[in-house]
Amino acid sequence: MPSEPTPNSNPPPSNKARRRPAPGVGGNLLWVVVLIVVVGWFIVQAPSGGGTIEWGDFWVLLVKHKLKKVVVGTDRISGELKEVGMDDLPDNVKKSLEKIRGKKFNVERIRLDDLKLLPRLQEEVEQQDMQLVEEPDHLWFMQPLVVFVLPLVILLGVFLFLLPRFRDPLGGGFLSSYIKSPAKRYERSKLRVTFEDVAGMQNAKSELQEVVEFLRSPEKFQRLGAVVPKGVLLVGPPGTGKTLLARAVAGEAGVPFYSISGSEFIQMFVGVGASRVRDMFKTAKDNAPAILFIDEIDAVGRMRGAGVGGGSDEREQTLNQILSEMDGFTPTETVIVMAATNRPDVLDSALLRPGRFDRHVTIDRPTWQGRLAILKVHTRTKPLADDVNLEAIARGMIGMTGADLRNLANEAALLATRENKNKIDRIDFERAADRVLIGPKREEVLSPEEKRRTAYHEAGHALVSWLVPEGEKPMKVSIVPRGRTGGVNLLAPDEDRYHHGKDYFKARLIMLMGGRAIERLIYGQPYAGVEADLKQATKMARYMVTHWGMSDRLGPMSFRMGEEHVFLGKEIQEARDFSENSAAIIDEEVQKLLREADEEAYELLKANRDKVERIVDALMQREELLREDIDDLLKAPSNGIVTRPSSNGAS
């Protein structure tokens with residue numbers, strides 16, 4: 001796996017004016033004042049000395065004439081005991097006095113107006129020679145300060161120190177960073193990816209190499225009047241290497257390269273996305289010539305004003321700002337925009353027109369040569385055993401993308417590590433392929449009857465696909481529960497074929513019906529495990545009738561059915577441009593194709609019942625059969641296998 005460049009969100013300092021520091025001394029002083037007030041409050045409110053007793057114990061001491069001095073405060077009462085005996089006091093009061101460690105004590109006043117307290121204190125003063133003192137309230141000014149002055153000071157601090165930072169984008173405040181573009185700058189001097197690290201994709205690399213050459217030496221193209229494309233849109237399925245290719249452009253270009261995801265523009269507040277677009281293009285213009293890369297642009301570039309719920313104001317404003325920056329009243333001449341998406345059909349037409357995204361580069365799934373080159377890249381740091389044939393692996397992994405192959409190589413390395421191997425061998429790659437294509441093994445244990453029923457089902461698929469000349473031969477048959485399946489037939493499609501006829505799709509339908517047909521033949525009834533087969537077969541038959549004109553009754557017609565999802569922003573509801581009578585005929589034709597495939601699969605399996613038993617017995621013993629194993633079991637025509645004649649007379 002090629003090492004990736006490390007994003008650097010802090011570009012090197014330039015000769016331009018630096019941002020002035022935001023005012024912060026006044027704000028710190030405000031917090032110091034608040035802290036001093038709070039600490040002073042607690043210091044003054046702290047008890048003057050002695051322990052604390054309960055109000056009930058204080059009242060008993062007052063009634064028993066044991067007090068020498070009482071100091072009455074706003075929130076508490078302090079007292080001093082006489083030098084007299086305490087034997088006549090209750091036991092609980094004696095225990096409380098033992099805890100105060102001396103003659104002085106404190107008691108919290110009850111938050112009620114006690115009308116008996118003051119007369120009782122006056123009586124003690126007159127009769128028992130007790131000293132009564134009122135404690136002055138040293139914090140009389142704190143209540144109005146806290147209630148009136150402190151909120152005003154806080155509001156004043158907000159207006160004087162915080163709001164200026166919000167208003168001034170050079171102050172580096174919260175609002176400034178919120179509307180600032182989060183685009184990351186990639187430095188060429190760091191660990192970088194080049195076109196040499198991108199395996200395959202020769203056409204895409206040649207298209208982008210022209211953009212890189214224009215940025216390096218524009219005079220070479222300008223002498224003939226050529227203008228660099230303002231935008232390059234990378235289109236392809238997920239995992240094909242669109243983002244990796246953009247990073248390779250960053251490594252090759254030698255100009256500032258900024259990367260951002262389309263979802264980073266969209267925020268809760270309307271206008272933030274447009275502000276981020278303006279800031280992003282401003283940053284790129286200040287460092288021009290530069291390249292901007294927007295990953296997953298369909299998050300912000302979807303069609304405007306359609307779909308369920310209408311358009312999103314924030315998304316549409318952001319898209320309008322992108323359109324204006326790319327080719328508006330003041331177009332950008334020195335900034336090239338690259339974008340990647342796997343849904344070009346939902347993008348706004350104004351975004352795709354020439355002058356904005358002039359060049360559309362399609363990145364498709366790699367051929368076996370491309371897969372071989374990708375495997376070599378992802379295994380160059382992994383020790384491989386002598387029995388590993390990367391070419392054979394690449395030829396077998398048809399349809400895999402670069403991300404899938406990277407995952408395959410990594411899974412093989414993990415499996416070899418678990419077994420403490422020094423090298424990755426062929427078995428590790430085979431097990432990794434099963435894990436990636438089908439899923440991990442399940443822990444459940446099937447009963448012998450369930451296991452044999454699964455073997456019959458998979459044998460039906462395998463034998464029918466083998467007997468039909470136009471079908472694809474199984475690469476592997478397994479009855480090991482993996483992922484969400486109880487068994488699987490892995491087919492090996494012919495990669496060199498890009499167009500298929502009616503015979504091919506009818507053979508596919510027969511193969512899909514093989515599992516249901518064998519269950520009817522052996523057990524006299526179908527089982528619920530055929531659900532996935534029926535879904536796939538029904539979808540294929542409906543496409544044959546409605547999209548590919550393969551129905552003699554309907555003729556060469558294409559019917560609009562389920563092409564656009566209502567949530568993708570194109571249609572407010574699913575459109576249908578045919579009558580109810582045509583819909584009934586479509587259902588009849590689909591049903592006819594499925595019934596014919598089911599009956600043909602049943603007849604083929606009935607005529608080759610003994611071959612079914614061979615495959616089932618082999619699966620019960622080994623659980624998995626490769627193509628070579630099935631070849632040994634089925635050697636036509638010397639073993640008497642009855643096959644369906646092909647349309648061109650072959651058997």
Side-chain angles (χ1 to χ4, degrees), residues 1-5 192-213 232-253 293 295-296 338-344 359-384 387-413 424 426 428-430 432-438 472-473 475-476 490-500 627:
M1 178 66 184
S3 56
E4 299 179 355
R192 64 191 183 107
V193 178
T194 63
F195 285 146
E196 295 180 357
D197 299 315
V198 182
M201 294 189 282
Q202 297 301 324
N203 293 334
K205 287 193 289 188
S206 62
E207 293 276 351
L208 296 175
Q209 183 67 42
E210 191 173 274
V211 176
V212 173
E213 289 295 330
V232 179
L233 183 64
L234 306 179
V235 180
T240 50
K242 299 183 293 295
T243 305
L244 180 65
L245 194 58
R247 288 174 179 168
V249 173
E252 295 279 351
F293 175 64
D295 201 5
E296 305 296 343
M338 293 181 59
T341 180
N342 54 16
R343 291 302 312 272
R359 187 163 296 180
H360 297 181
V361 179
T362 301
I363 303 176
D364 208 347
R365 300 177 187 274
T367 61
W368 76 264
Q369 293 93 341
R371 292 194 297 271
L372 177 59
I374 293 172
L375 281 175
K376 289 180 179 179
V377 170
H378 293 311
T379 57
R380 61 187 178 189
T381 59
K382 298 176 176 63
L384 302 180
D387 61 346
V388 175
N389 188 345
L390 291 180
E391 180 178 343
I393 297 174
R395 289 182 178 275
M397 301 297 106
I398 298 173
M400 274 196 173
T401 63
D404 296 330
L405 294 170
R406 175 180 178 271
N407 189 28
L408 174 69
N410 186 61
E411 286 290 343
I424 307 173
R426 179 180 59 84
D428 296 323
F429 274 98
E430 291 179 357
D434 291 341
R435 188 178 182 88
V436 172
L437 294 174
I438 312 171
E472 297 166 345
K473 303 300 182 281
M475 181 175 65
K476 184 175 185 178
L490 288 180
L491 301 179
D494 188 354
E495 191 174 12
D496 296 331
R497 293 179 62 183
Y498 297 98
H499 301 285
H500 301 284
R627 172 179 288 188

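All values below come from the heavy atoms of this structure, side chains included, with hydrogens, waters and symmetry mates left out.
Listed by chain and residue number, nothing satisfies the salt bridge (charged side-chain N to carboxylate O under 4.0 Å, His left out) test with Lys205 (two or more places apart in sequence, or in another chain). Under the salt bridge (charged side-chain N to carboxylate O under 4.0 Å, His left out) criterion, Glu430 pairs with Arg426, not counting sequence neighbours. Residues satisfying the salt bridge (charged side-chain N to carboxylate O under 4.0 Å, His left out) criterion with Arg365, sequence neighbours excluded, are absent altogether. Taking the salt bridge (charged side-chain N to carboxylate O under 4.0 Å, His left out) definition, one finds that Glu391 meets it with Arg395, sequence neighbours left out. Contacts of Ala248 classified as side-chain contact (heavy atoms from CB on, under 4.5 Å), with partners at least two apart in sequence or in another chain: Val193, Phe195, Val198. Taking Gln202 as the reference, nothing meets the side-chain hydrogen bond (donor to acceptor under 3.5 Å, both in side chains) condition, with sequence neighbours excluded.
Side-chain atoms of Lys242 come within 3.5 Å of backbone atoms of Gly236 as a donor-acceptor pair (strictly under, hydrogens ignored).
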* To do: Go through Asp404 and Met397 one step at a time and tell me if the side-chain contact (heavy atoms from CB on, under 4.5 Å) criterion holds.
  => CA-CA 9 Å; Asp404 296 330; Met397 301 297 106; over 6 Å; no
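Here the NZ atom belonging to Lys476 is positioned 9.0 Å from the CG atom belonging to Leu437, to the nearest 0.5 angstrom. From Leu234, atom CG reaches atom CG of Leu244 across 11.0 Å, with rounding to the nearest 0.5 Å. Distance CG/Leu490 to CD1/Ile398: 11.0 Å, rounded to 0.5 Å. Taking OG1 of Thr401 as the start and CD1 of Ile363 as the end, the distance is 12.0 Å to the nearest 0.5 Å. To the nearest 0.5 Å, the span separating CZ on Arg435 from CG on Asp428 amounts to 12.5 Å. For the atom pair CG of Leu408 and NE2 of His378, the computed distance is 10.0 Å after rounding to the nearest 0.5 Å.
The shortest non-hydrogen separation linking Arg627 to Lys473 is NH2-O, 3.4 Å. Contact detail for Ala204 and Leu245: the closest heavy-atom pair is CB-CD2, 3.8 Å. Minimum heavy-atom separation, Ala394 to Trp368: CB-O, 3.7 Å. When every heavy atom of Glu411 is checked against every heavy atom of Ala432, the shortest pair comes out as CB-CB, 3.8 Å. The heavy-atom pair separating Pro366 from Ile374 by the smallest distance is CG-CD1, 4.0 Å. Contact between Ala199 and Val377 at its shortest, heavy atoms only, is CB-CG2, 4.0 Å.
The shortest side-chain heavy-atom distance between Leu390 and Leu384 falls under the 4.5 Å cut-off. With contacts defined as side-chain heavy-atom distances shorter than 4.5 Å, the pair Ile393/Leu405 does not qualify. For the pair Val232 and Val249, the minimum side-chain heavy-atom distance is 4.5 Å or more.
When the options Leu208, Val211, Leu233 are evaluated for a side-chain contact (heavy atoms from CB on, under 4.5 Å) with Met338, the one that passes is Leu208.
Thr367 and Gln369 are linked by a side-chain donor-acceptor pair at a separation below 3.5 angstrom, with hydrogens and angles left out of the test.
Heavy-atom neighbours of Glu196 CD from other residues, nucleotides or ligands within 6.0 Å: at or below the threshold of 12.
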